[in-house]
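We number each residue from 1, following the sequence as shown. Bear in mind that the values here come from a model prediction, so they are computed numbers and not experimental data.
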Amino acid sequence: MSQIHITVNKKRLVGNTHQTILDQLEIANLQPEFQCRNGVCGACRCKLNKGSVSQKNTVAYVATGEILSCCSTPNENVTLKFNYQLSP
């Protein structure tokens, strides 16, 4: 397990490379939007501004530069942008 940093909407937290981004944001008491947790609905879509992730196959549409936080595990430090404010 590697320790990394996840920066989301300018908030920085310590993360890891073995849990999904959605799980890590919830552990940090942030409340990102989600519904299905398996890549079908697309509610957890966000923009990947920096870094790389491993993303399992998804059904939901994802544009270039976007990821689904429920299906993505960071490979390194990442910077993300959600189109809404996360509730702490």
Side-chain angles (χ1 to χ4, degrees):
M1 170 176 73
S2 296
Q3 181 176 319
I4 56 150
H5 290 101
I6 299 172
T7 305
V8 57
N9 292 10
K10 299 183 181 180
K11 295 178 185 179
R12 187 173 180 180
L13 56 116
V14 175
N16 62 65
T17 58
H18 72 279
Q19 291 176 296
T20 66
I21 292 170
L22 177 61
D23 288 344
Q24 294 184 66
L25 295 178
E26 289 179 320
I27 289 168
N29 293 318
L30 298 176
Q31 298 173 0
E33 291 180 11
F34 70 93
Q35 290 178 11
C36 71
R37 287 193 174 283
N38 59 13
V40 174
C41 72
C44 66
R45 179 181 295 112
C46 61
K47 180 150 180 70
L48 177 64
N49 290 331
K50 184 178 178 185
S52 69
V53 300
S54 295
Q55 181 169 273
K56 69 179 184 179
N57 291 336
T58 64
V59 175
Y61 173 76
V62 180
T64 301
E66 291 182 334
I67 63 169
L68 298 180
S69 64
C70 73
C71 297
S72 298
T73 305
N75 297 324
E76 59 188 351
N77 294 341
V78 293
T79 301
L80 309 170
K81 174 72 175 151
F82 285 86
N83 289 330
Y84 57 88
Q85 285 293 61
L86 298 175
S87 302

Given 3.5 Å as the limit, does a donor-acceptor pair link the side chain of Q3 with the main chain of V14, or not?
no
Nearest heavy-atom contact between Q19 and I27 is NE2-CD1, 3.5 Å
In this structure, CD1 of I67 is separated from CG of L22 (nearest 0.5 Å) by 10.5 Å
Short question: side chain of N9, backbone of Y84 - any donor-acceptor pair under 3.5 Å? yes
Between V53 and the options T17, T73, V78, L68, the side-chain contact (heavy atoms from CB on, under 4.5 Å) test singles out V78
Heavy atoms of other groups near Q35 CD, more than 12 under 6.0 Å: no
| message | Let's go through Q24 and N16 carefully: what are the C-alpha distance in whole Å and the side-chain angles of both, what is the deciding distance for side-chain contact (heavy atoms from CB on, under 4.5 Å) to 0.1 Å, and is it a yes or a no? | response | CA-CA 8 Å; Q24 294 184 66; N16 62 65; 3.6 Å; yes
side-chain hydrogen bond (donor to acceptor under 3.5 Å, both in side chains) filter on S54, not counting sequence neighbours, yields N75
Check your understanding: Taking the side chain as C-beta and beyond, is there a heavy-atom pair between L30 and F82 under 4.5 Å?
Key -> no
The reported gap from CG in L25 to NZ in K11 (rounded to nearest 0.5 angstrom) is 10.5 Å
I'd like to know if the side chain of E76 and the backbone of S52 have a donor-acceptor N/O pair within less than 3.5 Å. yes
Between S72 and the options L80, I21, T20, L48, the side-chain contact (heavy atoms from CB on, under 4.5 Å) test singles out I21
For residues 36-46, run the donor-acceptor check on the side chains, cut-off 3.5 Å, and write out each pair with its distance to 0.1 Å, sequence neighbours left out.
{"unit_1": "R37", "atom_1": "NH1", "unit_2": "D23", "atom_2": "OD1", "d": "3.2"}
{"unit_1": "R37", "atom_1": "NH2", "unit_2": "E26", "atom_2": "OE1", "d": "2.5"}
{"unit_1": "R37", "atom_1": "NH2", "unit_2": "E26", "atom_2": "OE2", "d": "2.9"}
{"unit_1": "R45", "atom_1": "NE", "unit_2": "Y61", "atom_2": "O", "d": "3.1"}
{"unit_1": "R45", "atom_1": "NE", "unit_2": "E66", "atom_2": "OE1", "d": "3.4"}
{"unit_1": "R45", "atom_1": "NH2", "unit_2": "Y61", "atom_2": "O", "d": "2.4"}

Here the gap from T7 atom OG1 to K81 atom NZ, rounded to the nearest 0.5 Å, amounts to 12.5 Å
